[in-house]
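For reference, the structure is listed below as structure tokens.
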Amino acid sequence: GEWRETPTDGIIADRTGWTIVDKSSENPAYPATNAIDGNEGSFWRSGPSGDESSTPQYLIIDMGKETCVKGFVITPRLDYFKGLIRNYMFLGGNDINKLDTLSRGNWLPYWTEVDFVDSIGSVKCRYIKIVKTDGKAASLAEINVVLAADDDPSTSISSATAVREK
């Protein structure tokens, strides 16, 4: 057999222009920008080493433009298990102060698309937020969003099926 890389053009969003606009905290050695740098060997870690705060840990990303998405993929840090995200919420919206829950669960699958089309449909959003809801340190190497058809979201971000976070 022959190994070939899976093409991602048109499937995974181009992260050019993405910025981290808010975070719960970060370890200076592992900044939040590592979560969108394209390098699976670097990672974001919340708080300083040894900090096991019980508050939820999160990242908010501005994708730079409204993007029609249908899911996301998280790559965990590859060197150690500390900070793995299990209990999670993934939120999105066009108003950073009014993000809707697109997906939540108690076992975040890594390297696998978490698709919310079956539950709420694809959505157009500019901001995304990943939250580790059970506190303690959080870490992740990369975050990507999976694209849906640009002009045909199957639901509005303000759909009644999405849950508004207070």
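Position 1 is the first residue of the sequence; numbering continues from there.
- Residues forming a side-chain hydrogen bond (donor to acceptor under 3.5 Å, both in side chains) with Asp14 (at least two apart in sequence, or on another chain): Thr16.
- Contact between Asn94 and Lys124 at its shortest, heavy atoms only, is ND2-O, 3.6 Å.
- The side-chain heavy atoms of Ile74 and Tyr88, taken from C-beta on, include no pair separated by under 4.5 Å.
- Cation-pi geometry between Arg45 and Tyr30 is not met at under 6.0 angstrom from the ring centre and within 45 degrees of the axis.
- Residues Leu140 and Glu142 form no side-chain contact, since every pair of their non-hydrogen atoms from C-beta on lies 4.5 Å or further apart.
- Take Asn34 and apply the side-chain hydrogen bond (donor to acceptor under 3.5 Å, both in side chains) test, not counting sequence neighbours, and it matches no residue.
- Listed by chain and number, the residues in a side chain to side chain contact (heavy atoms under 4.5 Å, CB included) with Lys23 are Glu26, Ala32, Leu59 (sequence neighbours excluded).
- Within the 4.5 Å cutoff, no side-chain heavy atoms of Trp44 are placed close to those of Ile36.
- Inter-residue side-chain proximity for Ile96 and Ile60 is flagged as met; some heavy-atom pair is nearer than 4.5 Å.
- In terms of the side chain to side chain contact (heavy atoms under 4.5 Å, CB included) criterion, residue partners of Trp111 (sequence neighbours excluded) are, by chain and number, Thr75, Pro76, Leu78.
- There is a path of hydrophobic side-chain contacts, each under 4.5 Å, that joins Leu108 to Phe81.
- For Val69 against Val145, the heavy-atom pair with the smallest separation is CG1-CG2, 3.7 Å.
- Looking at heavy atoms from C-beta onward, Tyr127 lies out of side-chain contact with Thr67 at the 4.5 angstrom threshold.
- Between the side chain of Ser24 and the backbone N or O of Tyr58, at least one donor-acceptor pair lies under 3.5 Å.
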Quick one, Leu147 with Lys70, criterion side-chain contact (heavy atoms from CB on, under 4.5 Å). Give me CA distance, side-chain angles, the key distance, then yes/no. CA-CA 6 Å; Leu147 298 171; Lys70 67 174 191 159; over 6 Å; no

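- No donor-acceptor distance shorter than 3.5 angstrom exists from the side chain of Ser139 to the backbone of Phe43, with no hydrogens or angles considered.
- For Gly93 against Cys125, the heavy-atom pair with the smallest separation is N-CB, 3.3 Å.
- Asn106 pairs by the side chain to side chain contact (heavy atoms under 4.5 Å, CB included) definition with Asn87, not counting sequence neighbours.
- Every salt bridge (charged side-chain N to carboxylate O under 4.0 Å, His left out) that Asp62 has, sequence neighbours left out, goes to Arg126.
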Run the numbers on Met89 and Ser103 for side-chain contact (heavy atoms from CB on, under 4.5 Å), then give the verdict. CA-CA 6 Å; Met89 286 192 317; Ser103 179; over 6 Å; no

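- Taking each heavy atom of Val123 and Ile120 in turn, the nearest pair found is CG1-CD1, 4.2 Å.
- Partners of Ser42 according to the side-chain hydrogen bond (donor to acceptor under 3.5 Å, both in side chains) rule, which considers only residues two or more places apart in sequence or in another chain, are Asp37.
- Between the side chain of Thr19 and the backbone N or O of Gly17 there is no donor-acceptor pair closer than 3.5 Å.
- Nearest heavy-atom pair across Arg15 and Ala35 is NH1-O, 3.5 Å.
- Within the 4.5 Å cutoff, no side-chain heavy atoms of Phe72 are placed close to those of Ile12.
- When side chains are defined from C-beta on, Lys82 counts as touching Arg77, because their heavy atoms get closer than 4.5 Å.
- A search for side-chain hydrogen bond (donor to acceptor under 3.5 Å, both in side chains) contacts involving Glu40 returns nothing, not counting sequence neighbours.
- You'll find the side chain of Ile130 reaches within 4.5 Å of the side chain of Ile143, heavy atoms only.
- Phe116 pairs by the ring-ring contact (aromatic ring centres under 6.0 Å, His included) definition with nothing, not counting sequence neighbours.
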